[in-house]
2 protein chains.
Amino acid sequence: MTDLLQSWVDSANSATTEFPLNNLPYGVFSTSDQDPRCGVAIGDMIFDCHLAEVTGLLSVSDFPLFDAPHWNEVMEEGPTLWAALRDRLTEILGQGSEDEASARGMLVPRAQAQMHMPFMVAEFTDFYANRNHAENVGTLFRGPQNPLPPNWLHIPIGYNARAGSLVESGTDVQRPWGQVKRPDDTAPRFAPSKRFDFELELGAIVGTASDGPVTVDQAQEMIFGYVLLNDWSARDIQAWEYQPLGPFQGKATATTISPWIVTRAALEPFACKTPDRDVPLLLHLQDTGPMLYDINVSVGLRPQGKGETIITTTNYNSMYYSAAQQLAHHSTAGGPMATGDLLGSGTISGVDKTECGSLLELSWNGTVPLVLETGETRTFIEDGDQITLRGQAFGEGYTVGFGECSGTVLPALKDPFAKGH
Amino acid sequence: MTDLLQSWVDSANSATTEFPLNNLPYGVFSTSDQDPRCGVAIGDMIFDCHLAEVTGLLSVSDFPLFDAPHWNEVMEEGPTLWAALRDRLTEILGQGSEDEASARGMLVPRAQAQMHMPFMVAEFTDFYANRNHAENVGTLFRGPQNPLPPNWLHIPIGYNARAGSLVESGTDVQRPWGQVKRPDDTAPRFAPSKRFDFELELGAIVGTASDGPVTVDQAQEMIFGYVLLNDWSARDIQAWEYQPLGPFQGKATATTISPWIVTRAALEPFACKTPDRDVPLLLHLQDTGPMLYDINVSVGLRPQGKGETIITTTNYNSMYYSAAQQLAHHSTAGGPMATGDLLGSGTISGVDKTECGSLLELSWNGTVPLVLETGETRTFIEDGDQITLRGQAFGEGYTVGFGECSGTVLPALKDPFAKGH
């Protein structure tokens, strides 16, 4: 475990900032006077990479990397350039840097910046790779005898999701309409979802592309970084639609990600192993090193106009499959993987029922209401509730964080077709 | 039913060409001396839209539409421009056209052209919307008592598929590796697929985008046109992985589409209704007019170096749900639909067991081998087999066709990870 690296940006040197020099996460920000551009969070500030490149301070390639409002151009270059960029940023922003004088003018206070999607999402896949979550959901839907599907211990099962539904933190989410068939209904109806939920996940971002099957080691090298990811889920729509083709409109409303891409390099000090296996994995999916991370993740629920309650806290180290294993599996049939592909980890749930990453589990399918600090209770999300995901890894005297991944649920439209197209 | 429209391009005036003036399908082609560009098929020729625009002959908007090697810029403009473009092309290429002299120099023989993907695929969704197919598959996998899932008669169920796996006709398809568990296996293994299959489908292309739920009528207006679509399927991989999250690597190898986008306008004379319903659809999914089409579709199988056998012929009018109904359903949860989204109809199968759109059904899960005209038999696709989809609608003295949608299956790689990334 490395120590806190010192920066000449004072606010980066506290043990509690999420953005010390050890982190250097990548985002896209705008200010009142300037369009979205690439930046790196450092303490309370953002270092403007576009400006640094234009002025010649930041030059790690023969062509411009920061002339677009997304990180895809950096992502597609691969690990050698990623390392060179991180080294140079560490140099520029580090204590005693020769570049401090010029770099000072390239800092923007985070409080004055508006954050945007940090990368262009190519395609989005969501996995189901946490054993506690899979056992909880399996028990709720199929009974406690065989909660895990037969394939679950052998492959990180997942489904293709909708890239177009990705939104940045802070975007409001409208409660969806959908076709549902409630327990007492004799026929389905078209109605607003009554069981709208969050899912606490991490999203792994594919940097370099592939065109054919890749090993777990190769997959690991392809991963650029991670974001927090809330896969909003309408449980009643999902329950009616999901057999036999999987989730579709129940997951189509929105998926929110956090604004900062925390790189694999920043997470390396927190690497840890996947759990021991009941059943050995086939060779092509076996771990070759520690590829999970010890990251504390939590969810806060804030009813409109009231205080927030942290309703769950758990850890990403509880996953059964790493993102590298997911990506390796994703590539087996030979289809290409692209720069900007996003892989959702699947809901992160701890062993204890208070450590679950969804209201479905926390309220045990709506049967055990949560009591909030305001005295109110919740089984699923109510209109006006703000859901905030947070993630932090703790080093020796420093914290690597993701920034908040937040969204507020708005009431369903009175007439869903009024908005038109 | 309209009659054959006469063109000054002689080859467009036969009853058997797939590309009379009535069709005017949109594609992207290149020639030995020139890069991919937009063109329209007319008889044995391609009319070069890019050249026509540059020279001022074709001008239906204030900005260039054909300066990119795809039709997305036209697609996003919407029905008014689509109609204006079709009118102008009909005028230019029609018998007695004032533009014949200048347009003659803008024709390229189709035989000299290489075809490319006609549009940039945004996202790809595949449906399961043919009742014969769903009943066949349900009978094979779950028994004849309840072959249809409970939701099937109420929603056009579908799953998100992989846009990156789309390839143009003529692209070879390598037999995939994957995790499979065969009936005699006690544990899964990683092996080349032994049950590699095609699926005969039509793909509907979303032209104009939406941002919220759309009605069936609005959805119909959003559809730009149709292509043939072969959703290559590894049945053994699919069988092991698909519960509970749906198809994933079993469908990830490749999906082939035909080179020409046949517009909704060209298909209008062949419009027909969806079937009578056992159970009425909810209001938001009900048909408001004929939105299926009477299109004959077939599949040919050509073993390497031998003659082709047409192994199935059926009709797109056998679908239970139209593309407009699928798109309306797709939008219900509020997620955006984008220019370039592709909706696979689902496998098209007729009532008769000889009219099925997959080998899974034609060979009844491998138990009834097909006998080819060469004397060979097939249960699933063998290495070297070329699979060709065709589609034709028959007017009074004319044919509207899609061009061939073809692909040859190559042997699996000896070592799937040899290709690397």
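Bear in mind the structure is a predicted one, so any value in this text is a computation, not a measurement. Numbered from 1 within each chain, the chains take letters A, B, ... in sequence-line order.
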Check: [X] side chain, [Y] main-chain N or O, donor-acceptor pair, under 3.5 Å:
{"X": "A:Gln174", "Y": "B:Gly334", "answer": "no"}
{"X": "B:Gln243", "Y": "A:Pro149", "answer": "no"}
{"X": "A:Thr253", "Y": "B:Ala333", "answer": "yes"}

(request) Count the heavy atoms of every other residue, nucleotide or ligand shown that sit under 6.0 Å from NZ of A:Lys181, and state whether that count exceeds 12. (result) yes

(request) Applying side-chain contact (heavy atoms from CB on, under 4.5 Å), name anything that partners A:Leu140, two or more places apart in sequence or on another chain. (result)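 Scan of A:Leu140 (side-chain contact (heavy atoms from CB on, under 4.5 Å), adjacent residues dropped) gives A:Leu360, A:Trp364, A:Asn365.
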
Heavy-atom distance under 4.5 Å to chain B: side chain of [X], backbone, both or neither?
{"X": "A:Leu282", "value": "side chain"}
{"X": "A:Ala163", "value": "both"}
{"X": "A:Arg142", "value": "side chain"}
{"X": "A:Pro150", "value": "both"}

(request) Please lay out, stage by stage, how A:Trp177 and B:His284 fare under the test ring pair (Phe, Tyr, Trp, His ring centres under 6.0 Å). (result) CA-CA 11 Å; A:Trp177 284 68; B:His284 72 292; 8.9 Å; no

(request) Kindly compute the distance separating CZ (A:Phe417) from CD (B:Gln218), expressed to the nearest 0.5 Å. (result)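 These two atoms lie 8.0 Å from each other.
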
(message) Heavy-atom pairs under 4.5 Å with chain A: which of B:Gly335, B:Pro336, B:Pro188 has the most?
(response) B:Pro188

Is there a side-chain contact between [X] and [Y], using heavy atoms and a 4.5 Å cut-off?
{"X": "B:Arg162", "Y": "A:Thr125", "value": "yes"}
{"X": "A:Leu285", "Y": "B:Gln179", "value": "yes"}
{"X": "A:Phe248", "Y": "B:Ile157", "value": "no"}
{"X": "B:Leu245", "Y": "A:Phe127", "value": "no"}
{"X": "A:Pro244", "Y": "B:Val137", "value": "no"}
{"X": "B:Phe190", "Y": "A:Leu283", "value": "no"}
{"X": "A:Ile155", "Y": "B:Trp240", "value": "yes"}

(message) Looking at chain B, which one of A:Ala187, A:Gly158, A:Gly178 has the largest number of heavy-atom pairs inside 4.5 Å, strictly under?
(response) A:Gly158

(message) For the interface with chain B, which of A:Asp126, A:Thr332, A:Asp341 has the highest count of heavy-atom pairs at distances below 4.5 Å?
(response) A:Thr332

(request) Check each atom of B:Ala252 against the heavy atoms of chain A and say whether the ones under 4.5 Å are side chain, backbone, both or neither. (result)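 When you check distances to chain A, atoms from both the backbone and side chain of B:Ala252 fall under 4.5 Å.
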
